[in-house]
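Here is the naming used below: chain letters follow the sequence lines, and residue numbers restart at 1 for every chain.
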Amino acid sequence: LYSISILVNCYCNLGRVDLGFSLLGKLLKLGYPLNVVIFNTLINGFIHIGRLDQSVKLLDKMVELGFEPDMFSYNSMVKGFCRRGDNVGALRLLKKMDKGVCKPDVFTYNTIVDSLCKDRLLSEALEIFAYMRSKGISPDVVTYTALIRGMCNLGRWKQAKELLSEMLGNNIAPDIITYNTLVDMLCKEGMVDDARATIDLMIENGGTPDIITYNALLDGYCLCGRMNEASKLMDLMVEKGCPPD
RNA sequence: AUUUGUUCUCC
């Protein structure tokens with residue numbers, strides 16, 4: 001079974017969910033034993049090619065066949081709604097999970113918070129943030145990073161920095177993705193110097209900039225026409241053992 | 001073995 005789901009996942013990663021799907025069909029006909037992971041892999045595969053409709057069908061089918069959808073199944077579905085820009089659909093599914101046996105977990109909430117932030121619906125995202133805590137699900141670094149992005153998106157730099165401090169002051173360590181997100185957002189708004197300060201802060205906190213950090217900053221320098229600094233940065237990248245790619 | 005957050009390219 002492991003081998004089959006690896007194979008199916010491989011098809012999905014190659015963008016050939018159809019091949020995985022027809023394999024499932026054959027296995028079903030042969031009466032081959034299956035498990036929930038194979039269904040989940042395909043549900044997720046369909047989501048990644050924008051076929052939420054197929055995922056819905058497959059979810060129904062697995063239930064029909066007596067397989068219980070789990071967190072993976074539902075979380076992929078939630079992501080599917082979010083990807084098509086249907087936050088309402090995602091929230092509806094969240095409520096449904098709330099009532100069922102598969103309670104929303106940190107993945108579920110993070111998916112929705114991120115989607116709302118990307119759609120600039122920060123206050124809605126903050127409501128979900130509060131809601132998840134009320135349900136006893138602790139936000140993690142992913143939740144915070146999504147919110148920071150949402151704040152930056154609206155130019156709420158001060159609020160974003162406060163949230164970052166809140167993380168630092170609490171038990172949640174910002175990771176490289178958190179810093180990279182901030183650096184990138186600042187650069188895109190032409191606040192390259194603040195971006196540099198953010199990188200310094202990252203280093204102070206024990207982080208190490210990576211190629212993504214540097215590329216974001218490089219893009220920032222180029223966007224504001226500071227080409228001298230851009231080329232100096234390229235030299236620095238080589239020095240730091242992170243050569244431009 | 002399957003689910004969530006970062007750079008560039010396309011929009």
Notebook entry, point to check: Atom CD1 of A/I172 and atom P of B/G5: how far apart are they, to the nearest Å?
Noted result: 17 Å
Check: With sugar-phosphate meaning primed atoms plus P, OP1 and OP2, does A/V141 contact a base, only sugar-phosphate, or nothing at under 4.0 Å between heavy atoms?
Finding: base
Check: When rounded to the nearest 0.5 angstrom, what distance separates CG in A/L24 from CG in A/L19?
Finding: 12.5 Å
Check: Is there a donor-acceptor contact under 3.5 Å from the side chain of A/N110 to the main chain of A/V106?
Finding: yes
Note to self: Could you tell me how far apart A/F39 (CZ) and B/U3 (P) are, to the nearest whole angstrom?
What the structure shows: 17 Å
Notebook entry, point to check: In whole Å, what is the span from the CE atom of A/M97 to the C1' atom of B/U4?
Noted result: 12 Å
Next item on the list: Report yes if a side-chain nitrogen or oxygen of A/K118 is closer than 4.0 Å to either non-bridging phosphate oxygen (OP1 or OP2) of B/U4; otherwise report no.
Entry: no
Next item on the list: Start with the C-alpha distance between A/D140 and A/T143, add both sets of side-chain angles, then the distance that settles side chain to side chain contact (heavy atoms under 4.5 Å, CB included), and finish with yes or no.
Entry: CA-CA 5 Å; A/D140 63 8; A/T143 326; 3.0 Å; yes
Notebook entry, point to check: So is A/K232 actually on top of A/Y214's ring, under 6.0 Å and inside 45° of the axis?
Noted result: no
Between the protein and nucleotides 8-11 of chain B, list every N/O to N/O distance that falls short of 3.5 Å.
| residue | atom | partner | partner atom | Å |
| --- | --- | --- | --- | --- |
| B/C8 | OP1 | A/K188 | NZ | 2.4 |

Item checked: Separation of atom CZ in A/R83 from atom C1' in B/U3, rounded to whole Å -> 12 Å
Check: Should A/F46 and A/F21 be marked as a ring pair (Phe, Tyr, Trp, His ring centres under 6.0 Å) after you check the CA-CA gap, both sets of side-chain angles, and the distance that decides it?
Finding: CA-CA 9 Å; A/F46 279 125; A/F21 188 60; 5.5 Å; yes
Note to self: Closer than 4.0 angstrom, basic N to acidic O: yes or no for A/K118 and A/D114?
What the structure shows: yes
Margin query: Using a 4.0 Å heavy-atom cut-off, does A/T145 contact any base of the nucleic acid, only the sugar-phosphate backbone, or nothing at all?
Written below: base
Note to self: Classify A/D175 by what it touches in the nucleic acid, base, sugar-phosphate, or nothing, heavy-atom distance under 4.0 Å.
What the structure shows: base
Margin query: Quick check: any donor-acceptor pair below 3.5 Å linking the side-chain of A/N40 to the base of B/A1?
Written below: no
Next item on the list: In whole angstrom, give the distance that lies between atom CG of A/D245 and atom P of B/U6.
Entry: 18 Å
Check: Counting any heavy atom closer than 4.0 Å, what does A/T41 reach on the DNA or RNA strands: base, sugar-phosphate only, or nothing?
Finding: sugar-phosphate
Margin query: Using 0.5 Å steps for rounding, measure from the CG atom of A/N87 to the CG atom of A/L116.
Written below: 4.5 Å
Margin query: Is the ring pair A/Y144/A/F129 parallel, tilted or perpendicular, if the boundaries are 30 and 60 degrees?
Written below: perpendicular
Margin query: Nearest whole Å is fine: how far is B/U4 C1' from A/L116 CG?
Written below: 13 Å
Item checked: Nucleotide of B/U2, B/G5, B/U6 approaching A/R149 most closely (side-chain heavy atoms) -> B/U6
Check: Looking at A/K79, does any N or O in its side chain come under 4.0 Å of the phosphate oxygens OP1/OP2 on B/U2?
Finding: no
Next item on the list: Let me know the distance between CD1 of A/I212 and C1' of B/G5, rounded to the nearest Å.
Entry: 12 Å
Check: What's the CZ-P distance between A/F107 and B/U2, to the nearest Å?
Finding: 11 Å
Note to self: Stacking between A/F72 and B/U3, defined as ring centres under 5.5 angstrom apart with planes under 30°, is that present or not?
What the structure shows: no
Margin query: Taking any heavy-atom pair under 4.0 Å as a contact, classify A/D105: base, sugar-phosphate, or nothing.
Written below: nothing
Next item on the list: Classify the nucleic acid contact of A/T108 as base, sugar-phosphate or nothing, counting any heavy atom under 4.0 Å across all strands shown.
Entry: nothing
